[in-house]
2 protein chains.
Amino acid sequence: MTSTPPPLDATQLGAYFALIEASSLLKHSVEQQLRDAGDLSYVQFQLLATLGDAPTGSRRMTDLADGVVYSRSGLTYQAQTLEKRGLVTRSQSADDERGVTVTITDEGRAVLAEVFPGHVGLLDDLLFAPLSRADVETLADILGRARDHMRQTPPRSAGARRRKKAGAEN
Amino acid sequence: MTSTPPPLDATQLGAYFALIEASSLLKHSVEQQLRDAGDLSYVQFQLLATLGDAPTGSRRMTDLADGVVYSRSGLTYQAQTLEKRGLVTRSQSADDERGVTVTITDEGRAVLAEVFPGHVGLLDDLLFAPLSRADVETLADILGRARDHMRQTPPRSAGARRRKKAGAEN
DNA sequence: GTCATGTGCTTCGGATTCGAAGCAACTGCC
DNA sequence: GGCAGTTGCTTCGAATCCGAAGCACATGAC
């Protein structure tokens, strides 16, 4: 109870902090650039980019939520915002009457195209500038593995078990 | 066509996405664990951890804001919340009458101690499990360099009040 | 067919965030 | 001493986020 000394050594702590800080700093700068260049939030940009990358330019809400790391309700909010601005359209899925298909519009693509160069430039300046080619490859490999692992690890695994305990079972 | 083609190759994109996704996923899981274990937000945990790490257990607001990547106003909000819960105290700095010194309380340390084991466990399960020792070292090195570069290079939004250049309107 | 359960998305309420503006104290210069 | 510009923090308003609850359709059991 009183102890359980931290099983994290200095290197692990360093990696953890570096990951959090680097991503936070990068995200902040990117958000500012996106705001300036196209009045987009980071999520909105991610959504547009995802849609623009899709062959048909459209995806279902659930698939979008899976790709991005946001909550369903947050996604709804942003999709509404984007629709108001005419950057995407939302329509009922043909198959499933409940499903909503989001599609990027030409204007959406235009905004994307307008924002992209600056986005890339910022990444070059902030993230890639101090890294070698090999560093980038290594980074992609290591973080890719970490991400894949986290994606498939259920939230209630060894470390994070717990659910609301409501007395009876559910 | 008229626009500059994206100077980002597949590897760079992979590294970028992996960084964002991995940190987002990790952050979400960690936030949930912190909420469950000690009713703390991620920022609050970072603040407590930073204070707990300081020799005297106290720091000035500005120093805290520098360490964490949050805005001044957000820091004020969280500090107030923590103070209400009795996890920190705030007092005027002796030197500078404007300055506010934040100090972690015994109760704050207790909450920290309670939350820490689960936090570490989660990191082990989610982040470090799929990585070798060498991976972690490499990660710390690469991301550490990236972070340091970002900290000193960019126009920071949080640092806000910039020096004005004499003789020109802004 | 009908009911029970599951799934997809939205709505609702509350918490947290940020930037801009505001106040107070410090510093340098005269 | 007094003024002007800086710096440290807070307040304010608006935007964004999430989880829980709700609604509507879908699917499976009977």
Side-chain angles (χ1 to χ4, degrees), chain A residues 24-25 27-32 34-36 39-47 59-66 68-85 88 90-102 155 162-164 166 170, chain B residues 24-25 27-32 34-36 39-47 59-66 68-85 88 90-102 155-167 170:
Chain A
S24 291
L25 288 167
K27 209 169 162 186
H28 275 253
S29 293
V30 165
E31 283 203 316
Q32 193 174 344
L34 290 174
R35 192 74 65 188
D36 288 345
D39 201 34
L40 292 177
S41 73
Y42 194 69
V43 209
Q44 293 172 342
F45 173 71
Q46 282 184 301
L47 294 178
R59 297 232 177 157
R60 295 194 16 222
M61 293 287 281
T62 297
D63 297 335
L64 282 175
D66 265 357
V68 189
V69 190
Y70 283 71
S71 67
R72 265 22 188 290
S73 52
L75 183 58
T76 295
Y77 173 76
Q78 290 297 354
Q80 284 173 340
T81 303
L82 286 175
E83 189 181 33
K84 264 179 213 149
R85 287 181 52 187
V88 304
R90 292 190 299 166
S91 57
Q92 242 178 27
S93 295
D95 272 5
D96 193 330
E97 192 118 352
R98 302 166 297 183
V100 170
T101 299
V102 185
R162 104 282 80 36
R163 200 76 183 199
K164 70 174 137 190
N170 191 352
Chain B
S24 291
L25 288 167
K27 207 169 163 186
H28 275 255
S29 292
V30 165
E31 283 201 317
Q32 195 173 344
L34 290 174
R35 192 74 63 187
D36 288 344
D39 200 35
L40 290 177
S41 72
Y42 194 70
V43 209
Q44 292 172 342
F45 172 71
Q46 283 184 299
L47 294 178
R59 296 230 178 161
R60 293 193 16 215
M61 292 287 280
T62 296
D63 297 335
L64 282 175
D66 266 355
V68 189
V69 189
Y70 287 85
S71 65
R72 261 29 186 262
S73 51
L75 183 59
T76 295
Y77 173 77
Q78 289 298 355
Q80 283 174 341
T81 303
L82 287 175
E83 189 180 35
K84 263 178 214 150
R85 287 181 53 188
V88 305
R90 292 191 299 166
S91 57
Q92 241 178 27
S93 295
D95 272 5
D96 192 332
E97 192 117 353
R98 302 167 299 182
V100 170
T101 299
V102 184
R156 318 184 53 224
S157 62
R161 248 176 286 198
R162 300 223 143 282
R163 222 167 272 258
K164 348 180 121 169
K165 315 270 179 155
N170 222 344

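Note on naming: letters A, B, ... go to the chains in the order of the sequence lines (proteins, then strands), and numbering restarts at 1 for each one. Computed from a predicted model, the values in this text were never measured in an experiment.
For A/Asp95 and A/Ser73, each mapped to the nucleotide of DNA chain D holding its nearest heavy atom, the one lying further toward the 5' end belongs to A/Ser73.
Between A/Gln80 and C/dT11 there is a side-chain polar atom (N or O) within less than 4.0 angstrom of OP1 or OP2. Taking only side-chain nitrogens and oxygens, A/Arg60 comes nearer than 4.0 Å to OP1 or OP2 of C/dG8.
A/Thr101 and A/Ser93 share a side-chain donor-acceptor pair at under 3.5 Å.
Residues A/Arg85 and A/Gln44 are in side-chain contact: their nearest non-hydrogen atoms beyond the backbone lie under 4.5 Å apart. By the 4.5 Å heavy-atom criterion applied to side chains, B/Leu75 and B/Val68 are not counted as neighbours.
Picking from C/dG8, D/dT10, C/dT10 the nucleotide with the shortest atom distance to the side chain of A/Met61 gives C/dT10. Comparing D/dG8, D/dT10, D/dA20 by their closest approach to the side chain of B/Asp96 singles out D/dG8. Of all nucleotides listed (C/dC12, D/dT6, D/dA26), D/dA26 comes nearest to the side chain of A/Arg98. Closest to the A/Ser71 side chain, of the nucleotides D/dT10, D/dC25, D/dG19, is D/dG19.
The nearest whole Å value for the distance from the CG atom in A/Leu64 to the C1' atom in C/dG8 is 13 Å. Between the CZ atom of A/Arg85 and the C1' atom of D/dT16 there is a distance of 15 Å, rounded to whole Å. Whole-Å rounding puts the A/Leu75 CG to C/dT11 P distance at 13 Å. Computed from coordinates, the A/Arg72 CZ to C/dG6 P distance equals 16 Å when rounded to whole Å. Between B/Arg90 atom CZ and D/dT10 atom C1' there is a gap of 9 Å when expressed in whole angstrom units. Atom CG in B/Asp63 sits roughly 13 Å away from atom C1' in D/dT7 (whole-Å rounding). Straight-line distance from the CD atom of A/Glu31 to the P atom of C/dG19: 9 Å, rounded to whole Å. The separation between B/Glu97 atom CD and D/dT10 atom C1' is 16 Å, rounded to whole Å.
Between the CG atom in A/Leu82 and the CD atom in A/Gln78 there is a gap of 6.5 Å [rounded to 0.5 Å]. Interatomic distance, CZ of B/Arg90 versus CD of B/Gln80, reported as 5.0 Å (0.5 Å rounding). Separation of atoms NZ (A/Lys27) and CG (A/Leu34) is listed at 11.5 Å; rounding is to 0.5 Å.
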Just the table, please: protein N/O against nucleotides 14-16 of chain C N/O, every pair under 3.5 Å.
| unit_1 | atom_1 | unit_2 | atom_2 | d |
| --- | --- | --- | --- | --- |
| C/dT16 | OP2 | B/Tyr77 | OH | 2.8 |

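No donor-acceptor pair closer than 3.5 Å links the side chain of A/Glu31 to the backbone N or O of A/His28.
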